[in-house]
Amino acid sequence: MDAEAVTAEAARPVRRPVLVQWWRDLAFLHWAVDPAAVAPLLPPGTRPDVLDGRTYVGLVAFRMVRLGLLAGPGLPYLGTFCETNVRLYSVDTAGRRAVVFRSLDAARLLPVLAARASLRLPYLWSRMRLHRDGDVLTYTCRRRWPGPRGTRSALSVRVGAPIAEPSPLEHFVTARWGLHTRAYGRTLHLPNVHPRWPLHRAELVHLDDQLVGAAGLAAPSSGPVSVLWSPGVPVRFGAPAAVR
């Protein structure tokens, strides 16, 4: 089946959320890659999503704020922490575009354990920090468990002007209304909804990263083709459904 259109607004409603959260202070770094190189890393029933013949590897650092169950207010301490993920872009047999996480480093152990047990998401417990100095934000990460222990990442971006109308690439790597994961013998699609992204131009000031390589991908040999920043959005996730 053909992939659904890339839309700036959520493609499907989530009427009964199973998870709520805020994503804040997000830095998006992306590299173009050959779809054939990442296809073996995607779960059955999905394939690489492409734009003009290329797909992308994303390194996304941010603050998770008030993660919680159902439609509740979220947890102020246990549900608030720094996170950095390595992700790929997928489309399933129903045409739903989504992301596939190769790793998700987070600074709270309990959410890591819960996500690994429930949806088999590749969460890892890490020592993390976000520091802001004027318009420069620095995100640091050092992995604690389950490893490879000591795997690290440090990136700094300088926030620029707001983007009035994102490019096709900027929409492609940010306007994602679900995730795919493999759990207990099934490939699942977990939908999400949030307001349209408020995106800013950003300049990469510094990058020293081992997370992409540790996620089973070739370490980038050049700078990212896209660097973006966003102050963030509130997010709701719906119940997972099996990919057929």
Side-chain angles (χ1 to χ4, degrees), residues 1-4 10-21 23 33-50 55-60 64 67-71 78-79 81 83-106 108-126 143-149 151 173 175-194 211-218 235-244:
M1 181 177 288
D2 291 339
E4 63 191 4
R12 293 164 297 279
V14 170
R15 294 185 175 89
R16 295 181 179 178
V18 298
L19 288 171
V20 294
Q21 54 204 251
W23 297 336
V33 294
D34 183 351
V38 302
L41 303 177
L42 301 182
T46 70
R47 64 184 188 272
D49 197 5
V50 298
T55 192
Y56 292 85
V57 173
L59 180 66
V60 182
M64 177 79 78
L67 169 67
L69 295 174
L70 304 176
L78 284 175
F81 48 87
E83 181 173 323
T84 299
N85 62 64
V86 177
R87 69 192 203 182
L88 303 175
Y89 295 90
S90 55
V91 59
D92 65 25
T93 52
R96 293 171 296 199
R97 290 185 141 113
V99 301
V100 171
F101 292 109
R102 293 295 299 165
S103 66
L104 304 104
D105 286 80
R108 291 274 186 268
L109 179 57
L110 186 57
V112 166
L113 296 175
R116 290 176 69 92
S118 59
L119 292 170
R120 312 301 287 177
L121 289 167
Y123 265 93
L124 305 109
W125 185 34
S126 298
R143 190 166 293 168
R144 304 171 76 171
W145 178 87
R149 186 176 176 88
T151 302
V173 297
R176 293 278 144 174
W177 308 112
L179 67 87
H180 290 124
T181 187
R182 188 73 174 173
Y184 302 104
R186 300 187 301 166
T187 298
L188 303 176
H189 175 265
L190 190 68
N192 70 65
V193 297
H194 57 71
L211 302 184
V212 172
L217 298 151
V235 186
R236 294 182 297 152
F237 278 91
V243 172
R244 303 187 184 279

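- The OG1 atom of T151 sits 8.5 Å away from the CG atom of L124 when rounded to the nearest 0.5 Å.
- The backbone N or O of R149 sits nowhere less than 3.5 Å from a side-chain atom of R143 that would complete a donor-acceptor pair.
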Decide side-chain contact (heavy atoms from CB on, under 4.5 Å) for R176 and D49; before the verdict, give the C-alpha distance in whole Å, the side-chain angles of both, and the deciding distance to 0.1 Å.
CA-CA 11 Å; R176 293 278 144 174; D49 197 5; 2.9 Å; yes
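- For V60, the side-chain contact (heavy atoms from CB on, under 4.5 Å) partners are L26, F28, F62, N85, R87, not counting sequence neighbours.
- Looking at residues two or more places apart in sequence or on another chain, you find a salt bridge (charged side-chain N to carboxylate O under 4.0 Å, His left out) between R12 and E4.
- Atoms CG and CZ, from L70 and F237 in turn, are 14.5 Å apart once rounded to the nearest 0.5 Å.
- The two residues P35 and V50 come nearest to each other via the heavy atoms CG-CG1, 3.5 Å.
- In this structure, L41 and G216 approach most closely via the heavy-atom pair CD1-O, 3.9 Å.
- To the nearest 0.5 Å, atom CG of residue L113 and atom OH of residue Y123 are 12.5 Å apart.
- Remark: H189 pairs with no residue by the side chain to side chain donor-acceptor pair (under 3.5 Å) rule, at least two apart or across chains.
- Scanning all heavy atoms of the two residues, the minimum distance from N192 to G178 falls at ND2-N, 3.2 Å.
- A pairwise comparison of heavy atoms in H180 and P43 identifies CB-CG, 4.2 Å as the closest pair.
- Residues passing the salt bridge (charged side-chain N to carboxylate O under 4.0 Å, His left out) test with R108: none are found, sequence neighbours excluded.
- The line from CG of L88 to CG of L42 is 6.0 Å long, rounded to the nearest 0.5 Å.
- Applying the side-chain contact (heavy atoms from CB on, under 4.5 Å) criterion to A183, with sequence neighbours excluded, gives R120, L188.
- L69 meets the side-chain contact (heavy atoms from CB on, under 4.5 Å) test with L19; sequence neighbours excluded.
- Shown here are the salt bridge (charged side-chain N to carboxylate O under 4.0 Å, His left out) partners of R96, two or more places apart in sequence or in another chain: D92.
- In terms of the salt bridge (charged side-chain N to carboxylate O under 4.0 Å, His left out) criterion, R236 has no residue partners (sequence neighbours excluded).
- The shortest heavy-atom contact between A215 and V86 is CB-CG1, 3.9 Å.
- Judged as a side chain to side chain donor-acceptor pair (under 3.5 Å), and not counting sequence neighbours, the contacts of R182 are T187.
- In this structure, CZ in F81 is found 11.5 Å from CG in D105, a value given to the nearest 0.5 Å.
- Judged as a side chain to side chain donor-acceptor pair (under 3.5 Å), and not counting sequence neighbours, W125 has no contacts.
- Other residues, nucleotides and ligands place more than 12 heavy atoms under 6.0 Å from the CZ atom of R47.
- Under the rule for a side chain to side chain donor-acceptor pair (under 3.5 Å), T46 has no partner lying at least two apart in sequence or in another chain.
- The two residues L121 and F101 make their nearest non-hydrogen contact at CD2-CD1, 4.5 Å.
- Residues forming a side-chain contact (heavy atoms from CB on, under 4.5 Å) with P40 (at least two apart in sequence, or on another chain): none.
- Relative to the ring axis of W145, R116 places its NZ or CZ within 45° and under 6.0 Å from the centre.
- Separating the CD atom in E83 from the CG atom in L67 is a distance of 9.0 Å, to the nearest 0.5 Å.
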